Amino acid sequence: MGDFTYCLIKNAVINGKKQDLLIEKNTIKKIGNIENNEIDKEETKIINAENKIAIPGLINTHTHIPMTLFRGVADDLPLMEWLNNYIWPMEAKLNKDIVYAGTLLGCLEMIKSGTTTFNDMYFFLDGIAKAVDEIGIRAVLSYGMIDLFDEEKREKELKNAEENIKMIKKLDNNRIKVALGPHAPYTCSKELLMEVHEMAKKYNIPIHIHMNETLDEIKMVKEKTGMRPFEYLNSFGFFDDVNVIAAHCVHLSDEEIKIMKEKNINVSHNPISNLKLASGIAPVPKLVENGINVTLGTDGCGSNNNLNLFEEIKISSLLHKGTTLNPTIINAKQSFEFATKNGAKALGLKCGELKEGYLADIVLIDLNKPFLIPKENIYSHLVYSFNGNVDTVIIDGNVVMENGKIVNVDEEEIYEKAEKAYYKLIN
Ligand SMILES: CSC[C@H]1O[C@@H](n2cnc3c(O)ncnc32)[C@H](O)[C@@H]1O
Ligand SMILES: [Zn+2]
């Protein structure tokens, strides 16, 4: 924690009550009334949080973070056309430096809007990890694999994935974990998926995969295998004894929901990306009813077009009220927990709640804002009224943004680097 072992947050609204919170190293040590004689002033950074609320940092469970550089480059298209004709040709020009620049920009955007952890699938993980390390955010990184049913590509992708696992593990950074990222059942062969499953068990790491995003892809999988995607993957044990985070899950049969429940699949619900690509609306109320762990993701900035998870929180509550004509469905508490507690559960992290013994990933929000007054029913305001501009962010016990000022990196430099990287991509 910089020069301090302790950080004391004084007089914040915490879990609905005005109180203090003491951090020791990277962990929440105490929540309650903390007297001055309980702390060593020399060793303690004190944050005056009068008129602020402390919330657990948000957890974005599906990103392609360097795609900040693709913001606005190919709007208003369906998924397959968007990927085949615009995104994949541009991604062929990526390199470590471009990815590093796009990641710094993405991390900056996430920290400023209260996200402290993201679960990413992309290329050039060394560039991503470098940016994550420097800026101070928490991340689970997976190398995204696509073999398009070609044996030579498959071998190359699996070798890359294993090298990336070793590379991330070698960093030995408490904030950076690794996962496996087979892109989707319509871009990855059965052989690749089976090897991924083995590797996930070997290294005891999660699998992050796109599932059932569009009707087109389900048709493709059905034509190839005779089964719907979840049935197909289940037929060769892909979900057995591993932790899977399945992004999108828009179009699901009852049989697939049954499999998801049985196999404890974590869903990353990405409502804005799904709306923008006109993929559809995920049956979130049905998933919740079935006890499936629903979390929230933004997806990449090519299809969102930002990384503000507060927008997903609001939309995930409103959207399902609209489709079910039921205003009680997905209430504020539920959608807030999608982005905090449930996200942490999916990624196997001890965070997402402000509790003693939990990781100190904490966001302070200034309540003196017109859209947060009156200062009653604050959780309702956070879900239905807040714009995402947070005040102070602590990750792993370190202050990474204080009163709106980013601590570890130069914001202007990040903007410049990102602009330059963007022009390399489009020229
Ligand atoms: C193999 S790395 C990740 C890969 O996924 C692409 N991507 C971005 N958004 C989506 C989406 O909504 N569905 C499917 N694939 C997506 C990204 O451009 C990378 O190529
Ligand atoms: Zn995605």
Side-chain angles (χ1 to χ4, degrees), residues 60-94 98-99 102-103 106 118-125 127-128 139-148 150 153-154 156-158 160-161 164 178-189 192-193 196 207-218 220-221 229 244-251 266-282 295-307 309 312 425:
N60 188 339
T61 56
H62 182 59
T63 59
H64 309 286
I65 213 67
M67 292 186 86
T68 46
L69 302 176
F70 296 165
R71 197 191 318 264
V73 297
D75 289 332
D76 311 323
L77 296 161
L79 178 68
M80 295 304 169
E81 195 186 338
W82 178 76
L83 280 176
N84 286 317
N85 301 347
Y86 296 87
I87 300 301
W88 284 339
M90 272 196 287
E91 285 180 340
K93 296 187 196 168
L94 289 170
I98 295 177
V99 161
T103 304
F118 67 105
N119 181 40
D120 200 71
M121 177 202 293
Y122 214 58
F123 316 109
F124 298 101
L125 262 55
I128 301 180
V140 180
L141 306 180
S142 51
Y143 168 72
M145 288 170 262
I146 296 179
D147 72 356
L148 299 175
D150 175 288
K153 279 200 187 107
R154 176 170 80 235
K156 229 171 107 189
E157 289 293 61
L158 288 165
N160 272 338
N164 275 295
V178 70
L180 279 152
H183 177 258
Y186 64 98
T187 50
C188 294
S189 64
L192 183 135
L193 293 169
V196 163
I207 299 176
H208 180 188
I209 184 168
H210 294 96
M211 291 296 293
N212 298 40
E213 182 176 2
T214 61
L215 289 173
D216 279 353
E217 76 189 57
I218 291 171
M220 281 156 69
V221 173
V244 174
I245 298 117
H248 302 300
C249 302
V250 174
H251 303 282
N266 300 284
V267 172
S268 177
H269 177 36
N270 294 214
I272 295 180
S273 173
N274 297 154
L275 289 172
K276 182 158 184 271
L277 294 168
S279 302
I281 296 174
T295 71
L296 290 179
T298 52
D299 214 351
C301 273
S303 61
N304 188 300
N305 293 9
N306 68 40
L307 300 170
L309 207 67
E312 309 293 328
L425 273 181

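Read the numbers this way: they start at 1 and go in the same order the structure lists the ligands and their atoms. Numbers here are sequence positions counted from 1. Small disclaimer: the values here were computed from a predicted structure and weren't measured.
A distance of 4.5 Å separates CG in L192 from CG in L158, rounded to the nearest 0.5 Å.
Atoms of the protein (N, O or S only) found under 2.8 Å from the Zn ion (ligand 2) are H62 NE2, H64 NE2, H210 NE2, D299 OD1.
Only side-chain heavy atoms of Y186 come within less than 4.0 Å of ligand 1; its backbone N, CA, C and O stay farther off.
Not one N or O of S273 is nearer than 3.5 Å to an N or O of ligand 1, by distance alone. Between H183 and ligand 1, at least one pair of N/O atoms sits closer than 3.5 Å. Considering backbone and side-chain N/O of W88, one or more are found under 3.5 Å from N/O of ligand 1. Taking any N or O of D299, backbone or side chain, at least one lies under 3.5 Å from an N or O belonging to ligand 1.
Judged as a ring pair (Phe, Tyr, Trp, His ring centres under 6.0 Å), and not counting sequence neighbours, the contacts of H269 are H320. Residues meeting the side-chain contact (heavy atoms from CB on, under 4.5 Å) test with F123, sequence neighbours left out: E91, L94, Y143.
Listed by first and then second residue, the side chain to side chain donor-acceptor pair (under 3.5 Å) pairs that reach into residues 63-80 are H62-H64, T63-D120, H64-H210, H64-D299, R71-E109, D75-K276, D75-N305, sequence neighbours excluded.
At least one heavy atom of F123 sits closer than 4.0 Å to an atom of ligand 1.
Taking every non-hydrogen atom of M67 and a distance limit under 4.0 Å, the qualifying atoms of ligand 1 come out as 8 (C), 17 (C), 18 (O). Distances below 4.0 Å separate heavy atoms of E213 from the following atoms of ligand 1: 11 (C), 12 (O), 13 (N), 14 (C). Taking a cut-off of under 4.0 Å to the non-hydrogen atoms of W82, the atoms of ligand 1 that pass are 8 (C), 9 (N), 10 (C). Heavy-atom contacts of G144 reach the following atoms of ligand 1: 1 (C), 2 (S) (cutoff under 4.0 Å).
When the shell of 6.0 Å around NZ of K93 is examined, it contains more than 12 heavy atoms from other residues, nucleotides or ligands.
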